[in-house]
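Note on naming: letters A, B, ... go to the chains in the order of the sequence lines (proteins, then strands), and numbering restarts at 1 for each one. In this text the structure is predicted, and so the values were computed from the model without any measurement.
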Amino acid sequence: MTDDRRPTLGEMALEVRSKNAGPFWVTMELFMRTPEDYAIVADEDFINEEVVARLYDLDPATIQIFRIPSLNVVKISFPRPVAQGSLRDRDIHAGQHHVPLAALVPA
Amino acid sequence: MMSTPVTGERDPRTTVRVLAPSGMLGAGFPAETIDRGIALGADVIALDGGSTDSGPYYLGSGTAKTTAAAVARDLRILLRAAAGAGIPLIVGSCGTSGTDSGVDWVAGIVDGILREEGLDLRVARIYSEQTAAALKERLNEGWVHPLAPMGDLDAATLDGCSHIVGMMGHEPFEAALRAGADVVLAGRATDTAVAAAYPLMMGMPAGPTWHASKIIECGGQCTTNPRTGGVLATIDQDGFTIEPLDPAAACTTTSVAAHMLYETVNPFEMREPAGTLVVSDAIYTALDDRRVRVEGSRFDLAEQYTVKLEGARVTGYETMSFSAIRDPHILAHIEEWVALMHEVHTGRVRQTLNLDPAEYAVDIRLYGYNAVLGDIDPATGPPREVGVMMLVNAPDQATATAIAKIANPLMLHLPTPDMDYLPSLAFATSPAETERGPVYQFVLNHVVDVDEPTDMFRIEMGDSRD
C-alpha cells in the first residue's frame, strides 16, 4: 500500500466469507495467512461477542465464535437477523454479510 | 451386467469408494471425471439434488431450481457410468427441496433416459413429504421439539405449510438398496446421508463414513479448484482418503479440513438423525500433493433418533418495480427522497385503494447505496447511481400490482423535498412492474422423535425391465 492506512482484515486475510448455515443461521469465516495474523484475529480483546454484536446489530448472547488455530481460522455464527427469502431479506445466501467484519482494522 | 472392478485387489468389505460427481445434480461436471472415478474403482455414485440455500420458494412451490435439460445431461452420464460399472447411483433431495413432486420430476427424467439408452436399471423412489395431520398427532404426543433459534411449534403453523418434508438419514437408502434398487431417487435427505448410505451398509465405520460424506457433499468444493469436477472418497476401517477426480486438481489438508466450516454453524460437531459427527480429534495428513488421509473422526449415537422437518408457507404475493437514479442532486439527498417516497405512496394507496399500511408491506431497496447491508454497511459517501427496487407484498397478486402501479408515477417523477421541478428517473423496463407470484417463508426448524428411522418415508420400488 502506498498510504500509511493500516490494513483491514479483508486485506490481511486469504479470504473472508459468509454464507447461510441452513435457513436460520449465518456463518462467516476469517481465513488468515499466517499463525501471526491468526493470533491477531483470535485475540478475544479484538474479536468477541460484543464486537460482533455491534457490527451486526445483534444480541451478543446469540453469537457463537470458534477459534481454529490448525487452520488459522476464526469462525462466527449467529441466527439470521431476517428470515431467508422474506420481503426484507436482501441477501438470500447471506453471501455478502462478511463485509462489515472484513472492514475491521486491528489496533 | 456386474463388471469386475479394475482395481481387482481390493476387498469390498474392507474398503468402499464413493464417487461424488459435483455439489448438486444439474450443476454439471466434466464427463471424463466420471470415467476417471469409475477407473479408480468407485463402488457407488452419490449426488445431492437439492438444498434450502436458494430460499423457501422451491419447497413452498414444490418446483426445482435447476432446469430439466441440465439435470438430464448429468443423469445421462451418471446412469451410463453406473450401469457400465454395475454400481448403484444414489440421488438425494430430488427437485431441490425433496418434495414428492421433485422425486417424480427426477424419476420422469431418469425413466426417459433409461428408455433412450436401453439401460436396464431398477429405480427406487423414496418419498419424504409429510402431512400436517400426521405431524399434529406427534406434536400432541410431545414428539416434536424446536431447534435454535425457533420456539415451540403450534398446530396452526403445520396447517399453514404448503409443503412439509422430513430429512431422512441413511436407513431408507439402505432399505431401497437391499430391496434391489440400482438407482435410488430420494426426497429430502441430509446432504451426508446420500453418500453415507452405501458405505454404512457395507460395514464401514460410522465416524469416517459420516465425516467423508460431509467432506464430499459439495463435490469439488473440498479441492483447490472446485470448478474441475468432483472427488472420490475411499473409506476403510480406520479412516478415509480423499482425492479429486481431475488429475490436475488437488486436495490439501487445508482444503479438506476447511470444508467442515462450509455452511455449518459448528465446525466440530454435526448432528445427523442417528447421532452426532465429532471431528475435533480428526487428523488430516497429506499422502502426496493431491490426496489427503483423515483419521480420528467419531460418530456418537444419540439417545433418540430424530428427523428434522422443513416447511414453507405462502406469506403473500409480490410485485416488483425497478427504476434508477443518476441525478447527483437526488443522490446527495437519497435518504430524504426515499422517506418522501414512502410518505406520498402510503397516502396515495390509502386514497385510491382504501388500504391501511398494516394490510400490505413495501420494501424499497436502494441498490448502489445500502440495499444489501442496510444500516450495518460500513461504507459512507454518495453513490454514483442508484437502482431503486420497490417490492410490494399483499394478500393477493392483483392488490400487490395495484399498489406497485400507484407508485409508478413516483418511481418516474418523485423529486427530493427541496426541488421545485419534477425530474424524470430511469425506469429499467417497460412495463416497470413484474408480478412475482406467491412468495414463501421457511417456518419449521423442528425435529420429530421417531421409533424407526424409515417410519416417515415411503419407498416405491420400480419394475426391473427384465
Side-chain angles (χ1 to χ4, degrees), chain A residues 8 10 14-15 17-31 52 54-59 61-68 70-105, chain B residues 51-60 146-150 253-258 260-270 280 282-284 308 310 312 315-316 318 360-363 365-367 370-379 389 391-393 439-445:
Chain A
T8 64
L14 202 60
E15 183 184 0
R17 70 181 186 186
S18 64
K19 197 80 196 283
N20 294 333
F24 299 99
W25 289 81
V26 182
T27 192
M28 53 189 74
E29 291 104 19
L30 291 156
F31 287 84
V52 176
R54 276 197 300 276
L55 274 181
Y56 289 93
D57 194 17
L58 303 166
D59 171 0
T62 64
I63 298 166
Q64 299 182 30
I65 301 180
F66 302 91
R67 296 176 178 87
I68 312 167
S70 60
L71 293 173
N72 295 329
V73 165
V74 171
K75 180 176 174 73
I76 300 167
S77 300
F78 51 81
R80 230 175 181 286
V82 179
Q84 188 196 15
S86 68
L87 182 73
R88 299 190 197 284
D89 180 20
R90 281 102 174 277
D91 188 0
I92 300 287
H93 293 77
Q96 290 293 302
H97 273 66
H98 61 290
V99 169
L101 180 67
L104 283 181
V105 176
Chain B
S51 169
T52 57
D53 213 30
S54 297
Y57 174 81
Y58 304 101
L59 176 60
L147 298 175
M150 295 292 258
T253 52
T254 301
S255 76
V256 172
M260 279 304 296
L261 307 171
Y262 191 66
E263 295 178 344
T264 58
V265 172
N266 182 325
F268 303 118
E269 297 183 7
M270 205 171 70
S280 37
I283 294 166
Y284 303 78
K308 188 178 171 185
E310 291 172 350
T315 61
E318 282 186 7
Y360 62 95
V362 173
D363 194 38
R365 308 172 175 191
L366 302 175
Y367 283 94
N370 69 351
V372 179
L373 291 174
D375 293 340
I376 64 170
D377 199 314
M389 178 187 286
L391 274 173
V392 179
N393 182 300
V439 291
Y440 301 86
Q441 183 173 352
F442 287 118
V443 290
L444 299 180
N445 192 37

Under 4.5 Å from any heavy atom of chain A, what part of [X] do you find: side chain, backbone, both or neither?
{"X": "Ser51(B)", "result": "neither"}
{"X": "Ala148(B)", "result": "both"}
{"X": "Asp377(B)", "result": "neither"}
{"X": "Leu391(B)", "result": "both"}
{"X": "Thr264(B)", "result": "both"}
{"X": "Met389(B)", "result": "neither"}
{"X": "Leu444(B)", "result": "backbone"}
{"X": "Tyr440(B)", "result": "backbone"}

Count the heavy-atom pairs under 4.5 Å between each of Pro79(A), Ala103(A), Pro23(A), Ser70(A) and chain B, then report the option with the highest count. Pro23(A)
Could you give the distance from CG (Asn20(A)) to OG1 (Thr52(B)), rounded to the nearest 0.5 Å? 7.0 Å
Considering all heavy atoms of both residues, which atom of [X] and which atom of [Y] are nearest to each other, and what is their separation?
{"X": "Thr27(A)", "Y": "Val265(B)", "answer": "OG1-O, 4.5 Å"}
{"X": "Asp363(B)", "Y": "Arg88(A)", "answer": "OD1-NH1, 3.1 Å"}
{"X": "Val372(B)", "Y": "Gln96(A)", "answer": "CG1-CB, 3.8 Å"}
{"X": "Glu318(B)", "Y": "Leu87(A)", "answer": "OE2-CD1, 3.4 Å"}

Between Phe31(A) and Thr254(B), is any pair of side-chain heavy atoms under 4.5 Å apart? no
